[in-house]
Protein chains: 2
Amino acid sequence: MARTTTPDFELQNFLPYLLNQAAEASSLGFQNVYKERYGMLRTEWRVLFHLGLYGRLTATEIGTRARMHKTKISRAVAKLEERRMLRRTPDAEDRRVEWLDLTMQGKSAYRDLFKVAQSYEADLLNGMTEDELRCLRTVLRRLASMDEN
Amino acid sequence: MARTTTPDFELQNFLPYLLNQAAEASSLGFQNVYKERYGMLRTEWRVLFHLGLYGRLTATEIGTRARMHKTKISRAVAKLEERRMLRRTPDAEDRRVEWLDLTMQGKSAYRDLFKVAQSYEADLLNGMTEDELRCLRTVLRRLASMDEN
DNA sequence: CCTTGTTAGTTACATTTTCAACTGTTATCC
DNA sequence: GGATAACAGTTGAAAATGTAACTAACAAGG
């Protein structure tokens with residue numbers, strides 16, 4: 001089985017590839033929960049969590065924080081509103097702007113998923129040393145914020 | 001801005017979320033190259049690299065190695081064949097099986113992108129210590145192979 | 001052989017995502 | 001004030017993905 005180039009390069013070592021594999025694998029379990037329990041997509045879960053964690057926000061603010069395109073936000077917000085999980089309030093000053101926040105139902109879903117997220121993450125972290133975790137977070141954050149310029 | 005729950009939880013610390021952000025950010029630059037230079041998608045790039053690195057393979061083998069669904073492979077292979085980058089050869093023993101390998105054009109695209117991948121990765125790694133890199137790879141590989149069971 | 005089950009790969013359809021154009025509103029600058 | 005640009009958010013069409021059903025070929029047990 002002839003190799004075409006340098007035999008010491010492994011796809012599994014190529015960082016973007018490896019990161020994607022790890023990200024996908026580590027999202028899967030949590031995805032199953034919000035999907036099966038609330039019929040949510042990744043986008044919807046993210047909007048829900050942003051509102052749950054940081055309180056009332058506008059669509060644009062969520063987009064900036066989550067690095068999500070505005071059309072994704074728009075559709076996620078529409079879905080969550082449909083399911084009575086969030087409420088929109090027009091801004092008094094600027095009529096282009098809408099403030100978003102969670103309804104009771106939204107908060108309840110958020111709290112439920114929040115617990116799931118924590119215990120799910122605990123499982124992921126299980127078997128990782130303190131050092132590994134600190135190192136991982138530092139490096140990942142640096143990578144994640146590379147395009148901020 | 002009232003927080004709904006425990007204020008010390010940050011979405012940026014939630015591992016699946018952080019991993020996805022890092023994976024996306026770190027794929028972007030390379031994606032631009034294979035997209036603009038060869039009109040490829042992620043799936044196509046992956047198939048190309050598997051064949052470039054590991055030689056002739058069947059679609060199923062690529063699927064197993066890359067953890068890609070067979071429909072993705074099927075479509076990526078069709079696209080690459082269309083662009084004369086790969087060749088299919090029916091297996092002599094088992095007529096369900098097709099062997100895939102790169103044409104001259106495929107190899108040339110692969111070699112080009114391989115160089116891009118290496119220098120791109122070098123940029124990503126730049127500013128990372130040896131320890132950080134080793135730690136990162138170890139942990140990511142562990143996470144990536146969680147669902148192997 | 002011949003039924004039943006499994007495997008390799010493709011196709012069809014529904015769901016998501018992306019991209020560009022759109023509406024309505026505010027800001028700028030002459 | 002009135003043109004023009006910029007911004008918040010939505011919509012529609014095209015591309016990509018996921019899921020299930022499909023074709024064709026092999027395998028195993030009777």
Side-chain angles (χ1 to χ4, degrees), chain A residues 20-21 23-25 27-28 31-32 34-36 38-48 50-51 56-83 86-101 147, chain B residues 20-21 23-25 27-28 31-32 34-36 38-48 50-51 56-83 86-101 147:
Chain A
N20 269 292
Q21 301 281 8
E24 256 181 58
S27 298
L28 204 67
Q31 182 175 34
N32 287 338
Y34 62 68
K35 191 171 174 182
E36 283 169 21
Y38 297 97
M40 285 189 193
L41 299 173
R42 218 218 300 272
T43 51
E44 293 157 27
W45 162 77
R46 284 189 182 178
V47 169
L48 186 85
H50 275 272
L51 293 171
R56 113 187 318 221
L57 295 168
T58 69
T60 312
E61 284 173 337
I62 297 177
T64 309
R65 286 166 183 259
R67 293 148 184 274
M68 272 168 68
H69 190 76
K70 59 184 180 173
T71 60
K72 274 192 190 172
I73 310 268
S74 173
R75 282 167 173 137
V77 167
K79 267 285 172 67
L80 289 171
E81 189 187 29
E82 226 175 71
R83 284 175 206 146
L86 70 71
R87 214 174 5 232
R88 317 160 100 121
T89 325
D91 184 276
E93 315 267 296
D94 186 340
R95 279 180 299 168
R96 291 172 301 184
V97 175
E98 284 183 332
W99 291 95
L100 307 170
D101 67 344
D147 52 349
Chain B
N20 269 291
Q21 301 281 7
E24 258 181 55
S27 299
L28 205 65
Q31 183 175 35
N32 288 337
Y34 61 70
K35 192 172 172 182
E36 283 168 21
Y38 299 97
M40 285 189 192
L41 299 173
R42 214 215 300 275
T43 49
E44 293 157 27
W45 161 77
R46 286 188 182 179
V47 169
L48 185 85
H50 275 272
L51 292 172
R56 109 185 323 220
L57 296 168
T58 68
T60 311
E61 283 172 337
I62 297 178
T64 310
R65 285 166 183 259
R67 293 149 184 274
M68 273 169 67
H69 191 76
K70 59 183 180 172
T71 60
K72 274 193 189 172
I73 310 267
S74 172
R75 291 195 256 244
V77 166
K79 267 286 172 68
L80 289 171
E81 189 188 29
E82 227 173 71
R83 287 177 204 144
L86 69 69
R87 216 175 0 235
R88 317 160 100 120
T89 324
D91 185 277
E93 314 269 293
D94 186 340
R95 279 180 300 167
R96 292 171 301 181
V97 176
E98 283 182 331
W99 291 95
L100 307 170
D101 66 346
D147 51 350

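Below, chains carry the letters A, B, ... as their sequence lines are ordered, and counting in each starts from 1.
Distance CD (Glu24(B)) to C1' (dT17(C)): 12 Å, rounded to an integer number of Å. The separation between Leu57(B) atom CG and dA8(C) atom C1' is 15 Å, rounded to whole Å. Between the CE atom of Met68(A) and the C1' atom of dT16(C) there is a distance of 12 Å, given to the nearest Å. The CD-P distance, from Glu82(A) to dT10(D), rounds to 13 Å in whole Å. In this structure, Met40(A) places its CE atom 13 Å from P of dT16(C), rounding to the nearest Å.
Between Ser74(A) and dA8(D), a side-chain N or O to OP1/OP2 separation shorter than 4.0 Å is absent.
Under the ring pair (Phe, Tyr, Trp, His ring centres under 6.0 Å) criterion, Tyr38(A) pairs with no residue at all, not counting sequence neighbours. The salt bridge (Lys or Arg N to Asp or Glu O under 4.0 Å) test applied to Glu98(A) returns Arg88(A), not counting sequence neighbours. Not counting sequence neighbours, Asp91(A) has no partner by the salt bridge (Lys or Arg N to Asp or Glu O under 4.0 Å) test. When the side-chain contact (heavy atoms from CB on, under 4.5 Å) test is applied to Arg95(A), no partner is found at least two apart in sequence or on another chain.
Nearest-nucleotide positions on DNA chain C place Val97(B) closer to the 5' end than the other of Val97(B) and Gly39(A).
The nucleotide whose nearest atom lies closest to any side-chain atom of Arg88(B) is, among dG9(C), dG9(D), dT10(C), dT10(C).
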Checklist outcome for this item: Contact string for nucleotides 14-26 of chain D, one letter per nucleotide 5' to 3', B = base within protein heavy-atom range under 4.0 Å, S = sugar-phosphate only, - = neither, reads --SSBBB----BS
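Within the structure, salt bridge (charged side-chain N to carboxylate O under 4.0 Å, His left out) pairs that include any residue of residues 68-77 of chain A do not occur (at least two apart or interchain).
The pair Glu24(B)-Arg67(A) does not count as a salt bridge, with every side-chain nitrogen at least 4.0 angstrom from each carboxylate oxygen.
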